[in-house]
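Below: the structure, in structure tokens.
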Amino acid sequence: MRLGLALGYWGRGPSPAHLDLAREAERLGYDSVWTAEAWGSDAFTALTWIAAHTSRIRLGTAVAQMAARAPTTTAMHALTLDHLSGGRLLLGLGLSGPQVVEGWYGRPFPRSPLTATREYVDVVRQVLRREGPVRLDGRHHSHPYAGEDGTGLGKALKPITHPLRADVPVLLGAEGPKNVAQTLAIADGWLPLYWTPDRWAEVYALPESLPEGFLVAPMVRAHLCDDVAAGLLPVKAMLGFYIGGMGHAARNFHADLMGRMGYEKEARRVQELFAAGRREEAVLAVPDAFADEISLVGPRARIAERLDSWRRGPVTDLLVTSPDPATLRALAELNA
């Protein structure tokens, strides 16, 4: 099981610690470093900055939002950064949800999200293979565009720039059972949001064997500390925001996943409190058992014991979220 460093997206501004953390992760032997985006900083610019200041560590987006860019635009970002970094890119993509897609990007959330994802990946792969002009007569993506409001002058094109690699790994963030099943069929890897090392087969209904070389790269909040309850508070804060604030009460994929993991009543309560503006209560309403199950928090011996359970499953890459160099160092030593 390889280790990755998940930096996420910026808050009010760029974190001065991110570059130092990425360099430290590379020094410690971490295999990859990952950036994200929500409705603020973008994933590719920060990753390019890190690429310029590192030499070996692989560079991933977890995730770049599909609604943010046409698939050809995402492919242009990918081939450009892959060239500049010497072939270190891992392209993680996610559909996001209706609240972000319609509220931030100002476009309709696809009524057939599986089809939209499949078409998006198809176009990205066509660009990176550069075997011919990009062509797709899709429900959501049309190349050349063939809508009634077009001019009819569109021309099928292939990228001017020759991609460094035709097989840049494409990973998908997927939560629902159908989405996970499609990810196994069309992608090179999967970026689970919440991963339970002891109940993953039950929660995600994965097949007994995965495709050869397929990457399973969940994120895990990690904190080396003596007080487990205190160490879980940042995990609960993250969960409270995702479950309560990253989606509508009627359609929140993160809350739905928490429900499938056995915490449906608690997920709805977190949503209710967050929607009422009672955010501190929403965070405290996240069960400690749930936060602990999907994280690595506590003294070194406890983390070492729990890390073994993560290694026993299908996880190939554990993407660690931690601003603490001591925690990153301990995990590198324990996973060696």
Indicate yes or no for a side-chain donor-acceptor contact from [X] to the backbone of [Y] under 3.5 Å, with no hydrogens or angles considered.
| X | Y | value |
| --- | --- | --- |
| R221 | K236 | no |
| R88 | I57 | yes |
| E131 | Q126 | no |
| E175 | P192 | no |
| D317 | R2 | no |

(request) Consider only side-chain N and O atoms of S96 and Y105, and report whether a donor and an acceptor are under 3.5 Å apart. (result)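 Result is no, nothing qualifies.
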(request) For S112 and H140, test the side chains for any donor-to-acceptor distance below 3.5 angstrom and give the result as yes or no. (result) yes
(message) If the threshold is 4.0 Å, N to carboxylate O, is there a salt bridge linking D226 and R302?
(response) no
(message) T80 vs D82, test: side-chain contact (heavy atoms from CB on, under 4.5 Å). Steps then yes/no.
(response) CA-CA 5 Å; T80 303; D82 202 46; over 6 Å; no
(message) Quick one, L224 with V297, criterion side-chain contact (heavy atoms from CB on, under 4.5 Å). Give me CA distance, side-chain angles, the key distance, then yes/no.
(response) CA-CA 6 Å; L224 182 66; V297 172; over 6 Å; no
(message) Can you tell me how the ring of H143 sits relative to the ring of H141, calling it parallel under 30°, perpendicular over 60° and tilted otherwise?
(response) parallel
(message) How close do Y120 and R69 get, counting heavy atoms only, and between which atoms?
(response) OH-O, 2.9 Å
(request) Could you pull out the closest heavy-atom pair between P163 and V127, with the gap in Å? (result)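 Scanning both residues, the minimum pair turns out to be CG-O, 3.7 Å.
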(message) If you apply the rule side-chain contact (heavy atoms from CB on, under 4.5 Å), what do you find for T72 with V123, and how did you get there?
(response) CA-CA 7 Å; T72 46; V123 172; 3.8 Å; yes
(request) Report yes if the distance between the aromatic ring centroids of W200 and W310 is under 6.0 Å, otherwise no. (result) no
(message) For W195 together with Y204, are the ring centres under 6.0 Å from each other?
(response) yes
